[in-house]
Amino acid sequence: RLADKVSSSRRAAAQRERSHASVVSELRDWLAEAEARSSDLEAQGGQVSSELALKARQAGELEQRALRAERRAEQDAADFAGARAQHEDERRRLAAQVRDSEELVQRLEGGLRALEAANAQAEERLRAADDEA
């Protein structure tokens, strides 16, 4: 009977030892898998970090391009405003010249009419003088 108990106790101890060994083996497998996942995640994290750095660099470049484009647009607007002001000045100058020319034409036409009238009077006097002679 004692031998049965000892034998039963040994079998139970062997069973517990196998069970513990199985649990330890499963834990080791799980730990190895977790370490592999951790390495993969670290590698992915490094890749993501470098991609983020690249995107940040590209965003900075785009921001610089946008600022340059904005400055060019402001310069173009200033150039356009200057050209428009010059055009407006030129238009006013030409309009003044046209007015001056129109006034000159009116004075010349008035002078021509006066000359024609004086010429007509001179012809009339010549005819009158011819008639008297």
Side-chain angles (χ1 to χ4, degrees):
R1 196 168 205 224
L2 183 57
D4 284 343
K5 278 189 174 184
V6 168
S7 175
S8 173
S9 191
R10 282 184 185 160
R11 280 194 308 272
Q15 179 63 32
R16 281 192 302 273
E17 197 174 305
R18 283 192 302 273
S19 179
H20 285 129
S22 174
V23 167
V24 167
S25 176
E26 283 182 37
L27 285 174
R28 282 186 182 144
D29 291 347
W30 180 84
L31 181 60
E33 188 178 314
E35 287 174 348
R37 263 199 217 148
S38 176
S39 294
D40 289 346
L41 289 175
E42 284 177 16
Q44 288 175 359
Q47 183 179 355
V48 167
S49 292
S50 61
E51 287 176 11
L52 285 175
L54 174 65
K55 296 293 182 194
R57 200 167 43 254
Q58 289 173 340
E61 291 169 1
L62 286 174
E63 185 177 6
Q64 289 301 314
R65 286 174 52 196
L67 287 172
R68 284 191 301 272
E70 184 178 352
R71 282 193 295 268
R72 275 195 311 272
E74 289 170 354
Q75 184 61 49
D76 289 348
D79 292 347
F80 176 75
R84 186 176 192 160
Q86 283 181 329
H87 171 74
E88 192 60 29
D89 290 345
E90 183 68 11
R91 189 194 64 74
R92 281 194 292 274
R93 187 182 66 74
L94 291 173
Q97 284 180 348
V98 166
R99 280 191 304 275
D100 292 347
S101 296
E102 288 172 347
E103 289 174 9
L104 180 59
V105 165
Q106 288 175 358
R107 285 197 311 263
L108 290 173
E109 286 175 344
L112 180 61
R113 282 192 297 274
L115 284 174
E116 288 173 344
N119 191 30
Q121 286 176 356
E123 286 178 1
E124 189 64 35
R125 277 189 234 134
L126 277 174
R127 267 184 285 209
D130 280 346
D131 288 343
E132 284 182 22

Check: Under 6.0 Å from the CZ atom of R127, do we count more than 12 heavy atoms belonging to anything else shown?
Finding: yes

Notebook entry, point to check: When rounded to the nearest 0.5 angstrom, what is the spacing between NZ in K5 and OG in S8?
Noted result: 9.5 Å

Checklist line | Verdict with reasoning, E88 to R91, per salt bridge (charged side-chain N to carboxylate O under 4.0 Å, His left out) | finding: CA-CA 5 Å; E88 192 60 29; R91 189 194 64 74; 2.6 Å; yes

Taking distance alone, no hydrogens or angles, what donor-acceptor pairs closer than 3.5 Å link side-chain atoms of residues 53-71 to residues at least two apart or in another chain?
none

If you look only at distance, which donor and acceptor atoms sit under 3.5 Å apart when one is on a side chain in residues 14-22 and the other is two or more places apart or in another chain?
unit_1 : atom_1 : unit_2 : atom_2 : d
Q15    : OE1    : R18    : NH2    : 2.7
H20    : ND1    : R16    : O      : 3.0

Margin query: Would you compute the distance between atom CD of E123 and atom CD of E116 and round it to the nearest 0.5 angstrom?
Written below: 10.5 Å

Item checked: Residue R93 excluded, over 12 heavy atoms near CZ under 6.0 Å -> yes

Check: At what distance, to the nearest 0.5 angstrom, does CZ of R92 lie from CD of E90?
Finding: 11.0 Å

Margin query: Let me confirm one number: the OG-CG distance from S9 to D4, rounded to the nearest 0.5 Å.
Written below: 12.0 Å

Margin query: Using the rule given for side-chain contact (heavy atoms from CB on, under 4.5 Å), can you reason through S38 versus E42, listing the C-alpha separation, both sets of side-chain angles and the distance that settles it, and then say yes or no?
Written below: CA-CA 6 Å; S38 176; E42 284 177 16; 3.6 Å; yes

Margin query: If the threshold is 4.0 Å, N to carboxylate O, is there a salt bridge linking R99 and E102?
Written below: no

Check: Using 4.0 Å as the upper bound for N to carboxylate O, is an ion pair formed by D40 and R37?
Finding: no

Note to self: Nearest 0.5 Å, please: how far is CD in Q97 from CG in L104?
What the structure shows: 12.5 Å

